[in-house]
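Here's the structure we're looking at; comments come further down.
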Protein chains: 2
Amino acid sequence: MNKFGDLIRAKREEQEMLLRHLSAELDIDTAQMSKIERGERTAKREHVQQLVTIFKLNKAEAMSLWLADQVYAVVANEDEALKALIVAEKEVKYQKKVSK
Amino acid sequence: MNKFGDLIRAKREEQEMLLRHLSAELDIDTAQMSKIERGERTAKREHVQQLVTIFKLNKAEAMSLWLADQVYAVVANEDEALKALIVAEKEVKYQKKVSK
DNA sequence: TTATATTTGCCATTATTTGTCAAGTCATAA
DNA sequence: TTATGACTTGACAAATAATGGCAAATATAA
């Protein structure tokens, strides 16, 4: 799963922006940016923020996808993937409740 | 969140087994085992399997908790934790469907 | 062909995780 | 009190993984 990279690539192509121009804005190698878009590497948090600004993305949505890719990497190909996600989800909800 | 470690500690204490005996069975340092039970370190997959055998655990359940701890570590303290989990969950369900 | 864009593979550097040890705490017994 | 046993903690080196950057390879179009 590479939802974040797919989103960035879509937005970049929508604007007919070159990979080397985008990577220059983030101050990273073009090859790195290529790998991020294709999901071969994970973008840094600071780069996510920059991309949100550059493409005027919904920050919550972008962060969700970026995080989801990382979550998915943990459970990919695991028999108990779904159960694990549900356990984690319950904990997140519980923490939200008790921290109020 | 440390559901896996909590489970192991509970089972070990239930049997009045010493940390050094358990760690000897897994062929790891007592300090390591202590850290695993307290969630300071993550057990290796092979150790999870050994613990399942030693304590006659439900394997699916144990694996779920072990994985859930790792998933939770990724999303802990993230504003979009819940959204991210739901995105990942949908992907897992989708993959399950298309791989049939 | 040539030029430009992107991808790929490799490797050095950096960061993170792991294993081990020794010293520490804590509770209990002598 | 001192001693002992169980466990925890902190520090460190070693192992492992992630990252950045380069150059070569590939692709796409003129």
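Both backbone and side-chain heavy atoms feed into the values below; hydrogens, waters and symmetry mates do not. By convention in this document, chain letters (A, B, ...) are assigned in the order of the sequence lines, proteins followed by strands, and residues within each chain are numbered from 1.
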Whether over 12 other heavy atoms sit under 6.0 Å from A:N58 CG:
yes

Is the backbone of A:M17 close enough, under 3.5 Å, to the side chain of A:R12 for a donor and an acceptor to pair up by distance?
yes

Tell me: CG of B:D29 to P of D:dG10, nearest whole Å?
16 Å

Opening and closing nucleotides of DNA chain C in contact with chain B, under 4.0 Å to non-hydrogen atoms
C:dT18 to C:dC21

Would you find a donor on one side and an acceptor on the other, under 3.5 Å apart, between the side chain of B:E91 and the backbone of B:V87?
no

Within this structure, what is the CZ-to-P distance between B:R41 and D:dT16, rounded to whole angstrom?
15 Å

Provide, to the nearest angstrom, the distance between the CG atom belonging to B:L18 and the P atom belonging to D:dT4.
18 Å

Measure from CD on A:E16 to C1' on D:dA29 and round the result to the nearest Å.
15 Å

So which one's nearest nucleotide on DNA chain D is more toward 5', B:T30 or A:T42?
B:T30

Starting from P on D:dA18, measure out to CD1 on A:I36 and report it in whole angstrom.
15 Å

For atom NZ of A:K35, is the number of surrounding heavy atoms from other residues, nucleotides or ligands below 6.0 Å larger than 12?
yes

Using whole Å, what does the distance between atom C1' of nucleotide D:dA6 and atom CE of B:M17 come to?
15 Å

Could you tell me the separation between the CZ atom of A:R45 and the P atom of D:dT19, rounded to a whole number of Å?
13 Å

A:Q32 or A:R20: which one's nearest nucleotide on DNA chain C is closer to the 5' end?
A:R20

Does A:Q70 reach the main-chain N or O of A:W66 with its side chain, forming a donor-acceptor pair under 3.5 Å?
yes

Nearest-Å distance for atom pair CG/P, residues A:D27 and D:dG20
10 Å

Looking at A:K35 and D:dG20, is any side-chain donor or acceptor paired with a base atom of the opposite kind under 3.5 Å?
no

With B:S34, which of B:R38, B:E37, B:Q32 fulfils side chain to side chain donor-acceptor pair (under 3.5 Å)?
B:R38

Less than 4.0 angstrom from a charged side-chain N to a carboxylate O is my criterion; do B:E14 and B:R9 meet it?
no

